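Heads up: the structure comes next, in structure tokens.
Reminder, nothing fancy here: chain letters follow the sequence lines and each chain counts from 1. The model shown is predicted, which means the values in this text are computed figures rather than measured ones.
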Amino acid sequence: MLQINFIRENADTVKAGLAKKHFKNIVAVDELLQLDEEKRKAQVETENNAAESNQLAKKIGELMKAGNKTEAESIKARTVELKENAKQLEERLKQLETEIFNILVTFPNLPSSVVPEGKTPEENVTVFTKGEIPVLHEGAMPHWELAAKYNIIDFELGNKITGAGFPVYKGKGARLQRALINFFLDEATKAGYHEIMPPLMINADSGFGTGQLPDKEGQMYHVTVDDLYLIPTAEVPITNLYRDVILKEEELPIKNVGYTPCFRREAGSYGAHVRGLNRLHQFDKVEIVQIAHPNQSAAGLDEMVMHVQGLLEKLELPYRILCLCGGDMSFGSAITYDFETYSAAQERWLEVSSTSNFETFQSNRMKCRYKGADGKNQLVHTLNGSALALPRIVATMLENHQTPEGIKIPKALVPYTGFDMIN
RNA sequence: GGAGAGUUGGCAGAGUGGUCGAUUGCGGCAGUCUUGAAAACUGUUGUCUGUAACAGGACCUGGGGUUCGAAUCCCUAACUCUCCGCCA
């Protein structure tokens with residue numbers, strides 16, 4: 001969430017930023033500032049009223065103690081009057097605050113200055129590409145056919161047990177999942193991340209903290225009897241660990257990693273591009289999260305990007321890195337790098353990681369701050385990235401590493417799988 | 001699920017209607033002493049809002065109420081603990 005003080009002092013910058021993100025309702029900025037003006041006036045009135053009231057109440061206390069009841073009674077008349085005023089003033093103030101909040105939560109984060117202009121995914125800028133795109137042998141198959149051929153992932157069985165988008169992993173397929181999870185966790189640990197195993201359900205406060213709520217409820221599974229949500233990503237619980245926390249400056253950066261299943265309703269997506277592992281309702285992901293000093297967050301993002309690159313290279317997958325354009329970035333992000341691996345049988349790039357700096361957007365919602373050298377509390381920056389999401393990695397591995405004899409497991413992963421070929 | 005007790009500043013823990021934003025201890029920070037450290041002693045130490053700076057306002061788990069006045073009384077929600085029941 002943007003800070004009202006910042007908007008007040010930088011209205012033009014805010015408008016330009018919102019425009020870059022292709023936010024439609026930019027006039028709301030002026031509306032907001034108007035309301036803010038009114039609210040501040042209302043606040044002064046309310047507080048002056050309260051100040052007089054407090055003063056008189058104190059005086060009544062003193063008079064009562066001194067036994068001067070008649071004078072105390074005479075003052076009471078005025079306090080009753082003030083109380084009436086207070087009720088109205090407070091109501092008005094509350095109403096203005098609500099209106100301001102309701103506008104404020106609709107504003108996305110402002111994009112960083114290096115984010116490219118653009119509206120659609122086509123306008124994302126490829127900043128790095130690495131790896132050979134494999135030439136597949138005659139009769140090569142897409143991953144869903146390979147999954148059936150080697151009996152490692154069963155989509156039909158998942159349909160029966162739960163529904164579409166909930167595959168069942170079997171035998172070497174299940175073992176491969178476990179191997180990737182452990183591999184990713186170990187690599188992150190080596191890079192200095194602290195392992196966390198968080199709850200898989202979150203409350204509404206946590207959903208608000210990282211920006212899933214309000215408005216994006218539709219993307220999460222909601223357990224209504226207990227009013228809890230299944231996590232769409234480990235980012236939510238792991239970042240919210242620091243909700244309402246004041247950190248010491250020297251504690252930063254905090255680097256956490258966690259493996260969790262992720263649950264997404266993916267309402268509204270369908271078609272050929274969701275076949276097989278391309279888009280699931282439940283999938284596994286290892287997520288890295290940093291809580292950083294504002295001065296360190298840019299370097300933190302670079303480090304995260306390099307970490308993800310290292311993973312893809314060890315898995316021997318061709319990949320490219322995109323810097324998302326303003327219009328294609330997520331709501332809360334200030335800058336996002338997407339990683340895509342090339343899926344040779346589908347002949348298309350698949351997103352396997354999204355690594356972002358949220359700057360103060362989440363920390364302002366979560367009230368996560370650090371105490372600076374000057375003793376003042378300031379908002380931290382939050383960052384997160386997938387390192388990595390499994391299904392599309394598995395999809396590309398199956399497709400790209402297939403041979404007529406079977407599917408080769410990359411060297412780095414063999415110690416984790418315990419086999420070097422799926423056949 | 002049933003019965004009871006509780007939730008106060010980083011932590012522990014006082015405070016049952018007025019001068020309490022809150023006693024005290026620990027911890028933290030600064031100083032004295034010391035070659036340095038420890039100990040001891042002294043001082044200091046919550047957050048938000050607001051102001052040029054003061055002032056002012058809000059916060060004792062959240063929400064609502066009673067009252068001129070609420071940490072304190074009432075209602076309600078959440079959470080924690082103890083006992084019983086159930087259970088991986």
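The closest side-chain donor-acceptor pair between Arg243(A) and Asn240(A) falls under 3.5 angstrom. Looking only at atom types and distance, the side chain of His281(A) has no donor-acceptor partner in the side chain of Glu266(A) under 3.5 Å away. When only modelled atom types and interatomic distance are considered, Thr120(A) and Glu123(A) share a side-chain donor-acceptor pair under 3.5 Å.
Distance Ile246(A) CD1 to rU45(B) P: 17 Å, rounded to the nearest Å. Between the P atom of rA77(B) and the CG atom of Asp226(A) lies a distance of 15 Å, rounded to the nearest Å. Rounding to whole angstrom units, CD of residue Gln43(A) and P of rG50(B) are separated by 7 Å. Spacing between atom CG of Asn203(A) and atom P of rU61(B) amounts to 19 Å, rounded to whole angstrom units. Atom pair Leu89(A):CG and rG56(B):C1' shows a separation of 15 Å (rounding to whole Å applied). What separates NZ of Lys41(A) from P of rG50(B) is a distance of 16 Å, to the nearest Å. Atom NZ in Lys58(A) sits roughly 18 Å away from atom C1' in rU67(B) (whole-Å rounding). Leu82(A) places its CG atom 10 Å from the P atom of rG69(B), with the value rounded to the nearest Å.
Comparing the same atom, P, in rU47(B) and in rC54(B) gives a spacing of 15 Å after rounding to whole Å. With both ends at atom P, the span from rG63(B) to rC68(B) equals 23 Å, rounded to whole Å. For the C1' atoms, the distance linking rU51(B) with rG57(B) amounts to 12 Å, nearest Å. The C1' atoms of rU24(B) and rC79(B) are separated by 28 Å, rounded to the nearest whole Å. Across rC48(B) and rC60(B), the matching P atoms stand 16 Å from one another, rounded to whole Å. Nucleotides rG6(B) and rU72(B) place their P atoms 14 Å apart, quoted to the nearest Å. Only the C1' atoms considered, rG21(B) is 11 Å distant from rU8(B), to the nearest whole Å. rU66(B) and rC81(B) are spaced 35 Å apart, taking the P atom of each and rounding to whole Å.
Under the 3.5 Å distance criterion, the side-chain polar atoms of Ser356(A) are left unmatched by any main-chain donor or acceptor of Phe358(A). A distance-only check finds no donor-acceptor pair linking the side chain of Gln290(A) to the backbone of Leu383(A) [under 3.5 Å].
Shown here, rU24(B) forms a base pair with rA12(B); the pair counts as Watson-Crick or G-U wobble because both key distances fall under 3.5 Å. rA53(B) is unpaired under the criterion used here, namely a Watson-Crick or G-U wobble arrangement in which both key atom distances are under 3.5 Å. Pair assignment for rA78(B): rU7(B), on the basis of Watson-Crick or G-U wobble contacts that are both within less than 3.5 Å. Summarising the base pairing, rG1(B) is matched to rC84(B) through a Watson-Crick or G-U wobble pair whose two defining distances lie under 3.5 Å. In a base pair of the Watson-Crick type (N1 to N3 plus N6-O4 or O6-N4) or a G-U wobble (N1-O2 and O6-N3), with each distance short of 3.5 Å, rC60(B) is matched with no nucleotide. Pair assignment for rG17(B): none, as no Watson-Crick or G-U wobble contacts are both less than 3.5 Å. In this structure, rA37(B) makes no Watson-Crick or G-U wobble pair, since no nucleotide meets both defining distances under 3.5 angstrom. Base pairing analysis places rG43(B) opposite rC29(B); the two distances defining the Watson-Crick or G-U wobble pair are each below 3.5 Å.
Look at Lys83(A) and you'll find a side-chain N or O under 4.0 angstrom from OP1 or OP2 of rG69(B). In terms of phosphate contacts, Asn54(A) brings no side-chain nitrogen or oxygen within less than 4.0 Å of OP1 or OP2 of rG56(B). One finds no side-chain N or O of Lys371(A) lying less than 4.0 angstrom from the OP1 or OP2 phosphate oxygen of rC29(B). Remark: Arg40(A) is in phosphate contact with rU51(B), judged by side-chain N or O atoms under 4.0 Å from OP1 or OP2.
Among rC48(B), rG18(B), rU49(B), the nucleotide with an atom closest to any side-chain atom of Asn377(A) is rC48(B). Closest to the Glu47(A) side chain, of the nucleotides rG57(B), rG18(B), rU47(B), is rG57(B). Ranking rG56(B), rU47(B), rG69(B) by closeness to the Ala51(A) side chain, first place goes to rG56(B).
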Could you walk me through whether Phe184(A) and Tyr259(A) pass the ring pair (Phe, Tyr, Trp, His ring centres under 6.0 Å) test, one step at a time?
CA-CA 9 Å; Phe184(A) 293 148; Tyr259(A) 152 70; over 10 Å; no
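Residue order along RNA chain B, read from the 5' end via each residue's closest nucleotide, puts Lys94(A) first among Lys94(A) and Ile60(A). Nearest-nucleotide assignment on RNA chain B puts the 5′-proximal partner with Lys248(A), out of Lys248(A) and Lys76(A).
Taking each heavy atom of Thr106(A) and Phe331(A) in turn, the nearest pair found is O-CE1, 3.5 Å.
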